[in-house]
Amino acid sequence: MKVSQTIRSVRKNVKEARKQDKTIGLVPTMGALHAGHLSLVEAAKKKCDYVVVSIFVNPTQFGPSEDFEKYPRPIDDDLQKCEKAGVDVVFNPSANEMYPEKVITWVNVEKITDNLCGHSRPGHFRGVTTVCAKLFNIVSPDMAFFGQKDAQQAIVIKRMVADLNMPLEIVVCPIVREKSGMAMSSRNKYLSEQERVDASYIYKSLQKCKEMIDSGSRNTKTIINEMRNILEQKESIKIEYISIVDEKTLENIDYIKNNALIAIAVRIGLTRLIDNFPIDITV
Ligand code: AMP
C-alpha cells in the first residue's frame, strides 16, 4: 500500500493505475477508521480496481466552537487498517497541502443544506462540498463512496455532482452499527461507558419510529413526540433535532406521503451524535 502526503504524489499513483486501465474508487474520510469506514472500502474494492482512501480532518467544515483540534487522529492505526483492507493508496495530506492559501473559492449547495445539520452547523456543508470537490479534482475517481450515516451529506454531494456535471458516480453505503444499535462513528471514542449505553436510545427511538410507520402512522408530529419521549428517558441526552423530511428537498413534512428521511442529532455531554433511517413507504 502506498501513502501519499502530497497532491502530486497521489496524482502520480492514480495516473499509473489509469495507464493499466484500472477504474478508480475514492473513499473520503477524516480518519479514526472503524468498521463503518471499512464497509465503504469493501464496497469500493468490489466495484473498482484501484482504491484510494483519503484521510484528512478538514478544517473548513468545522465551526469555531467545534471539535477540530481534539478530533482523533490515530494515523498509524488507520494506515494498518487500510493496509489490511487492501487499500491501494492512502492520501493523507496536511492542511497546508490542501489549503496553501486562505480559501476564497467555495462550492456551495443551496437549500438542501439549510435544514437539519445545516441549521445547527452553519458553514459545515460549504466546507464538506468544497473539500469533496477538491478531492474529486485531485484523485479524479470513477466512483466515490459515502455512508448513509451522514445522510444529508450524501444527498448534498450527489446534488453537487449532478449540478456541476462532475464525471463520477456517488455510491451510498448502509449504516454500520454497534451491537447496541448505535451507529459507528469516530466521535463515539469521546463517550464514557454510561454515555454509550445512553446513546443506544437514539437507535431505540428510530426503531419506534419505524414500528409506528409500519403500523400505519403517517403524522410526523405524533411520531416525533413518541421518539422524543424515548430520548427524554435519558437525562444525558440533549436533543438538537428530530426531523422527518422529504428525501429530496430535506424540508420538514407534516405527513408522510412519499419516501422520507427521519434524522436525529443529539448531544451527550460534549459529544454530538447523528443518526437516521430512510423511510420507504412503497415497500
Ligand atoms: P467521516 O470520517 O466521519 O467523515 O466519515 C467518512 C465516511 O464514512 C462518510 O461517508 C461517512 O458517512 C461514512 N461513515 C461514517 N460512519 C459510518 C457508519 N457507521 N456506517 C457507514 N458509513 C459510515
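One-based numbering, in listed order, for ligands and for the atoms of each.
Within the cation-pi definition used here (under 6.0 Å to the ring centroid, within 45° of the axis), Lys210 does not qualify as a partner of Phe277. For the pair Arg8 and Phe91, the cation-pi test (distance below 6.0 Å, angle within 45°) is failed. A cation-pi arrangement, defined by a distance under 6.0 Å to the six-membered ring centre and an angle within 45 degrees of its axis, is present between Lys70 and Tyr190.
Looking at Arg187 and Asp67, a side-chain N of the basic residue comes within less than 4.0 Å of a carboxylate O on the acidic one, giving a salt bridge. Using a 4.0 Å cut-off between charged nitrogen and carboxylate oxygen, Asp142 and Lys47 do not count as a salt-bridge pair.
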Could you tell me, for ligand 1, which of its N or O atoms are under 3.5 Å from any protein N or O, listing the pairs and their distances rounded to 0.1 Å?
from: ligand 1; atom 1: 2 (O); to: Met30; atom 2: N; distance (Å): 2.9
from: ligand 1; atom 1: 2 (O); to: His37; atom 2: NE2; distance (Å): 2.9
from: ligand 1; atom 1: 5 (O); to: His37; atom 2: NE2; distance (Å): 3.4
from: ligand 1; atom 1: 10 (O); to: Gly147; atom 2: N; distance (Å): 2.9
from: ligand 1; atom 1: 12 (O); to: Gly147; atom 2: N; distance (Å): 3.2
from: ligand 1; atom 1: 12 (O); to: Gly147; atom 2: O; distance (Å): 3.2
from: ligand 1; atom 1: 12 (O); to: Asp150; atom 2: OD2; distance (Å): 2.6
from: ligand 1; atom 1: 16 (N); to: Met184; atom 2: O; distance (Å): 3.3
from: ligand 1; atom 1: 19 (N); to: Val176; atom 2: O; distance (Å): 2.9
from: ligand 1; atom 1: 19 (N); to: Met184; atom 2: N; distance (Å): 3.4
from: ligand 1; atom 1: 19 (N); to: Met184; atom 2: O; distance (Å): 2.8
from: ligand 1; atom 1: 20 (N); to: Val176; atom 2: N; distance (Å): 2.8

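Screening Ser94, Pro59, Pro93 for a side-chain contact (heavy atoms from CB on, under 4.5 Å) involving Tyr99 leaves a single residue, Pro59.
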